[in-house]
Structures are given as C-alpha cells and as structure tokens.
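Report on one structure; see the data block that follows.
In what follows, chains are A, B, ... by sequence order, proteins preceding strands, each numbered from 1. All figures in this text were calculated on a predicted structure; none of them were measured in a lab.
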Protein chains: 2
Amino acid sequence: MSPTTETLTAERILEATEEVLRRHGPAKATVVDVARALGVSHGSVYRHFRTKAALREAVTQRWLDRTSGALSAIVAQDRDPEARLREWLSALFEAKRHKAGDDPELFATFSVLTGENSRVVDQHIEDLTAQLTEILRDGAVRGAFTPALDPVVTARAVFHATGRFHDPAYAGEWGRPGIEAEFEAVVDLLLRGLRAAGRSGA
Amino acid sequence: MSPTTETLTAERILEATEEVLRRHGPAKATVVDVARALGVSHGSVYRHFRTKAALREAVTQRWLDRTSGALSAIVAQDRDPEARLREWLSALFEAKRHKAGDDPELFATFSVLTGENSRVVDQHIEDLTAQLTEILRDGAVRGAFTPALDPVVTARAVFHATGRFHDPAYAGEWGRPGIEAEFEAVVDLLLRGLRAAGRSGA
DNA sequence: CAGCTGACAGATATTGAAAACTGTCAGCTG
DNA sequence: CAGCTGACAGTTTTCAATATCTGTCAGCTG
C-alpha cells in the first residue's frame with residue numbers, strides 16, 4: 001500500500017499536477033514532470049486526461065470550486081441581505097487576494113485560463129453570479145432591495161462593477177495602499193443603487 | 001520649404017513616431033525607424049527626447065489628450081447632470097472602443113503603458129476622474145444627485161465600477177454581443193446609487 | 001485483458017551566436 | 001556655434017540549430 005503502488009486515479013493525478021504547478025508555474029510545468037512525480041510514464045497520464053489543457057483546466061476548476069464553496073456559505077446565511085451582499089463581496093475580494101499572494105503560480109495558471117476565455121473560468125463566473133443572483137432575489141423578497149431590478153441582470157452588473165477587486169487582470173493593484181477604501185466606495189455606491197426606495201441612505 | 005529641410009521640431013518627431021507606431025506597432029517600432037522616416041540620424045531624435053520611453057509616452061499622451069478634450073465638451077454642457085453623466089460614460093466607452101478598433105497599434109502602445117503604470121496613463125485617469133468629479137459636484141448642487149457622497153471619492157468609484165468598459169485590459173470583450181446591455185445595466189445601477197432620495201427610479 | 005510503457009512524429013521551447021537597437025558624445029558643417 | 005552626424009559600447013532582439021515536450025499507439029506485463 002505504498003503510494004507508488006496505489007492505483008493511478010484522476011484524483012491522484014490532479015494532486016500531483018497541483019503540486020507541480022505550484023513549484024514550476026504554468027509556463028514550465030510539463031506532463032512529463034507530473035508523470036515523474038507520480039512514478040509513472042507520461043502515457044499513463046494521457047489515459048485519464050485527453051490533453052495537457054484538460055489537465056490544467058481540471059486543476060484550476062478544483063481550485064476555483066474551493067472558493068465558490070466557501071462563498072456559498074455566506075449566501076445561505078439567514079440575515080440582512082445587504083450585510084450578506086457586503087460580506088460576500090468582501091470575502092470574494094479577500095479570497096482572490098489571498099490566492100494571488102499565497103499561491104502565485106496557481107493564480108498565474110488561473111490568469112492564463114482567464115486570458116484564454118476558458119470554459120472553466122466562464123463556469124466559475126456563472127457560479128459566482130448565480131450566488132449573487134440568489135442574494136439579490138432574497139433581498140427583493142424581504143424588501144431590502146428594490147424589486148425594480150431584474151436579479152439576474154443586476155447580479156452581472158454588480159459582478160462587473162466590482163471587477164477591479166476580483167478580476168486577475170488587476171491582481172497587481174491589490175497590494176496598493178488605498179485599495180480597501182476604493183472597494184468600500186464602490187460597494188457603498190452599488191448598495192445605494194440596490195436599496196429599496198424609502199430606506200435610509202449612508 | 002520641402003518637408004525634409006524644415007526644422008526638426010518635437011512636434012514633427014511626434015507625428016513621425018505616431019505614423020511609425022501605427023505601421024509597426026509598439027514591439028517593432030524603433031527610434032532608427034522614426035529617424036529614417038524623418039530623413040535624419042537617430043542621434044537627432046535624442047536631442048528632443050531623452051529616451052525611447054519618453055518618446056512613446058509623449059505620443060500616447062497626445063493621443064489620450066484628444067479623448068479627454070472631446071469628453072470635456074460634455075462636462076461643460078448646461079443640462080441635466082444625470083443625462084450628462086450617462087452621455088459622458090457612453091462617450092468614453094465609444095471612444096475607447098473606436099480607438100481599439102481603428103488604431104490597434106497605437107492602442108497596443110497605450111495598453112503597454114497601462115501595464116507599466118506609466119505616469120502618462122495615471123495623468124489620463126486623473127484627467128478623466130476630475131471631469132467625472134465636476135459632473136457629480138454640479139449634480140449635487142442642482143439637487144439631481146445626493147449630497148451624501150464625496151464627489152472626488154465617488155468619481156473614482158464610478159470610474160472603477162465602469163472599468164470593464166474603458167480599461168484596455170478588457171478590450172477583447174468590447175466586440176461581444178451583449179456588451180451594450182451590460183454597460184446599460186452597470187450605468188443604471190450606478191445612477192440609482194447617485195440619485196438624490198425622493199427622485200423617481202427607473 | 002485492463003492498464004501501463006516507451007518509441008515515435010510533429011509541435012514547441014531553449015539556446016547561443018549574430019544582428020539590430022539604444023543612448024552617448026566627439027567632432028563636423030552650414 | 002547650434003544643430004546634426006555617425007561611430008561606438010552595452011544591451012536587447014532575432015534566428016536557426018538543438019533539445020524537449022505533447023499526444024499516439026503497438027505491444028508488454030501482471
């Protein structure tokens with residue numbers, strides 16, 4: 001039962017690939033490296049993943065799904081939709097910032113896929129906007145947010161409007177001093193726009 | 001009075017550089033090319049611009065200033081601040097879109113400078129947010145926008161929130177089908193947030 | 001015989017030598 | 001003598017040869 005004699009599964013390949021990507025980065029990590037880390041030939045890896053791109057995408061998907069999963073807990077909370085939306089956006093920003101800082105090589109892989117308009121990234125964005133839609137819909141039902149706005153369209157608008165704080169293209173600016181204040185200003189403005197008429201402002 | 005015997009001025013060098021950049025793009029355009037286009041030695045170009053970077057920046061600044069100038073006319077209009085803001089944002093989006101489409105090589109130069117956090121790009125952003133601030137301040141005075149928000153901070157928030165529609169990092173998405181609707185959704189939401197309480201919604 | 005191997009063809013990346021470019025400056029020229 | 005030239009040193013880019021990688025598959029192995 002030593003690791004090298006265990007059956008070769010997609011899961012084990014994903015773990016090894018994540019490790020190789022973490023060490024070498026997306027530009028240098030090769031399928032041969034992954035196979036070597038697992039003590040098998042690279043042909044075996046191709047038995048589980050049709051192409052190198054599919055492997056990269058699977059690793060990235062797993063990695064992104066961890067974020068979506070953590071955020072969905074906030075959506076499920078039973079409290080003030082406005083506070084929930086604020087916390088959700090804040091958590092998304094934090095998550096992306098930490099990923100960029102703690103796992104720069106995996107983050108670079110994610111950035112590459114974003115630039116390539118990968119299906120995986122599109123799916124991630126759909127997951128996130130679906131969560132936003134859920135909060136907005138609930139907020140409208142509870143009377144916290146105006147019912148005048150279509151939740152699906154508005155969720156996408158909120159997501160795009162906060163792109164500076166979660167899109168990897170901006171990762172370089174997430175370390176700047178005033179970034180937190182910028183985030184607050186954008187979120188405050190968006191929340192003003194979402195609130196039902198008759199509720200007090202800031 | 002033939003062009004080749006005219007005095008060599010910064011202005012003539014800028015024109016020639018713009019032409020060379022348009023033809024070759026930022027990666028291939030050289031100072032030697034610019035000098036050749038002007039019929040002088042490259043040493044003469046260095047008499048007017050200390051480095052190649054300074055030359056690129058001067059060309060880009062001129063190019064960006066044309067946009068700021070056109071937009072300032074909208075700021076100066078004497079009409080409903082909300083309509084003015086809408087038109088200003090729309091004009092900014094259009095201007096960037098056309099620049100990206102009509103002058104791809106000059107736009108690429110601008111994108112390079114953006115990625116390098118050039119002083120020229122920072123100045124351009126300051127110009128634009130100053131114009132936004134002006135509209136917001138005027139809107140607050142006229143009672144169209146809520147006075148609860150600091151115009152300077154809010155102008156930056158509006159600028160960041162609409163980044164998807166003017167930041168060169170997103171140029172690749174400006175040709176997509178739904179982009180206009182996305183733009184409208186974001187602007188509608190922001191305007192709801194800006195409006196003074198007691199005014200009717202959408 | 002299910003799963004793995006390793007040789008292979010074509011594609012991609014690396015390397016290092018040669019070419020081109022940037023920025024300087026002593027001296028030429030009108 | 002103000003303005004321009006062109007040779008030059010140091011750096012960057014180009015290009016072609018070489019090495020490595022991707023993806024396939026016939027055949028080996030437990």
Side-chain angles (χ1 to χ4, degrees), chain A residues 1-60 105 108-109 111-113 115-116 118-120, chain B residues 1-60 105 108-109 112-113 115-116 118 120:
Chain A
M1 268 236 183
S2 92
T4 52
T5 59
E6 259 177 60
T7 320
L8 186 62
T9 59
E11 181 60 24
R12 281 190 64 219
I13 293 173
L14 287 177
E15 276 164 24
T17 305
E18 187 166 323
E19 189 52 33
V20 168
L21 277 172
R22 226 188 284 276
R23 231 191 280 287
H24 298 85
K28 299 261 194 178
T30 72
V31 176
V32 173
D33 290 333
V34 173
R36 187 171 19 246
L38 288 162
V40 299
S41 90
H42 75 279
S44 301
V45 174
Y46 280 98
R47 178 161 295 279
H48 292 86
F49 295 92
R50 229 190 318 3
T51 64
K52 183 187 182 178
L55 183 53
R56 267 193 326 190
E57 293 195 349
V59 170
T60 305
E105 300 293 11
T109 305
S111 298
V112 168
L113 293 186
E116 288 169 358
S118 159
R119 202 207 92 251
V120 167
Chain B
M1 262 231 189
S2 94
T4 51
T5 58
E6 261 177 58
T7 320
L8 186 62
T9 61
E11 181 61 22
R12 283 190 65 219
I13 293 173
L14 287 177
E15 275 166 24
T17 305
E18 190 168 319
E19 190 51 33
V20 168
L21 277 172
R22 227 188 283 275
R23 233 192 278 287
H24 298 83
K28 299 261 195 175
T30 72
V31 176
V32 172
D33 289 333
V34 173
R36 187 168 23 245
L38 288 162
V40 301
S41 90
H42 74 279
S44 300
V45 173
Y46 281 99
R47 176 161 296 280
H48 292 86
F49 295 93
R50 232 197 304 12
T51 65
K52 182 187 182 177
L55 182 53
R56 267 193 327 191
E57 295 196 348
V59 169
T60 305
E105 300 295 12
T109 305
V112 168
L113 293 186
E116 288 169 357
S118 158
V120 168

**Message:** Would you say that A:V112 contacts A:R56 through its side chain, given a criterion of any heavy-atom pair below 4.5 Å between the two side chains?
**Reply:**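 Yes; the side chains approach each other to less than 4.5 Å.
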**Asked** Does B:E18 reach the side chain of B:V59, with side-chain heavy atoms less than 4.5 Å apart?
**Response**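 Sidechains of B:V59 and B:E18: in contact.
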**Message:** Nearest heavy atom decides the nucleotide; on that basis, is B:H42 or A:K52 closer to the 5' end of DNA chain D?
**Reply:**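 Closer to the 5' end of DNA chain D: B:H42.
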Measure the distance from [atom1] on [X] to [atom2] on [N] and round it to the nearest whole Å.
X: B:L55; N: C:dC21; atom1: CG; atom2: P; answer: 15 Å
X: A:I13; N: D:dG23; atom1: CD1; atom2: P; answer: 14 Å
X: B:F49; N: C:dT22; atom1: CZ; atom2: C1'; answer: 16 Å
X: B:K28; N: D:dT14; atom1: NZ; atom2: P; answer: 5 Å
X: B:H24; N: C:dC21; atom1: NE2; atom2: C1'; answer: 14 Å
X: A:R50; N: D:dT24; atom1: CZ; atom2: C1'; answer: 14 Å
X: A:R36; N: C:dG6; atom1: CZ; atom2: P; answer: 13 Å
X: B:Y46; N: D:dG3; atom1: OH; atom2: C1'; answer: 18 Å

**Request:** Compare side-chain N and O positions of A:T7 against OP1 and OP2 of C:dG3 and report whether any pair is under 4.0 Å apart.
**Result:**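 No, no such contact exists.
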**Item:** A:S44 side chain near C:dC4 phosphate (N/O to OP1/OP2, under 4.0 Å)
**Value:**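 No, A:S44 has no side-chain N/O under 4.0 Å of OP1/OP2 on C:dC4.
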Which donor-acceptor pairs under 3.5 Å do the side chains of residues 26-41 of chain A make with protein atoms, sequence neighbours left out?
{"residue": "A:T30", "atom": "OG1", "partner": "A:V32", "partner atom": "N", "Å": "3.4"}
{"residue": "A:T30", "atom": "OG1", "partner": "A:D33", "partner atom": "N", "Å": "3.0"}
{"residue": "A:T30", "atom": "OG1", "partner": "A:D33", "partner atom": "OD2", "Å": "3.2"}
{"residue": "A:D33", "atom": "OD1", "partner": "A:R36", "partner atom": "NH2", "Å": "2.9"}
{"residue": "A:D33", "atom": "OD2", "partner": "A:T30", "partner atom": "N", "Å": "3.2"}
{"residue": "A:S41", "atom": "OG", "partner": "A:G43", "partner atom": "N", "Å": "3.3"}

**Request:** Show your working on side chain to side chain contact (heavy atoms under 4.5 Å, CB included) between B:F49 and B:L14 and close with a plain yes or no.
**Result:** CA-CA 10 Å; B:F49 295 93; B:L14 287 177; 3.8 Å; yes
**Prompt:** How does DNA chain D look in dot-bracket form if you count Watson-Crick and G-U pairs under 3.5 Å, write [ ] for pairs that cross, and put | where a base pairs with another strand?
**Reply:** ||||||||||||||||||||||||||||||
**Request:** Starting from the 5' end of DNA chain C, give me the residue, B:R47 or A:G43, whose nearest nucleotide shows up first.
**Result:**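 The residue closer to the strand's 5' end, by nearest nucleotide, is A:G43.
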**Request:** Report the residues that fulfil side chain to side chain donor-acceptor pair (under 3.5 Å) with B:E15, sequence neighbours left out, ordered by chain and then residue number.
**Result:**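 Listed in chain order: nothing, the list is empty.
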**Asked** Is the backbone N or O of A:V120 less than 3.5 Å from a side-chain atom of A:S118, with the two atoms forming a donor-acceptor pair by type?
**Response**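 Side chain of A:S118 to backbone of A:V120: a pair is present.
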**Request:** Rounded to the nearest 0.5 Å, what's the gap from CD on B:E105 to CZ on B:R23? Could you check?
**Result:**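 With rounding to 0.5 Å, CD (B:E105) is 11.5 Å from CZ (B:R23).
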**Item:** Sugar-phosphate only, base, or nothing, as touched by A:T30 at under 4.0 Å among non-hydrogen atoms
**Value:**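 The answer is sugar-phosphate, as A:T30 gets under 4.0 Å only of primed atoms, P, OP1 or OP2.
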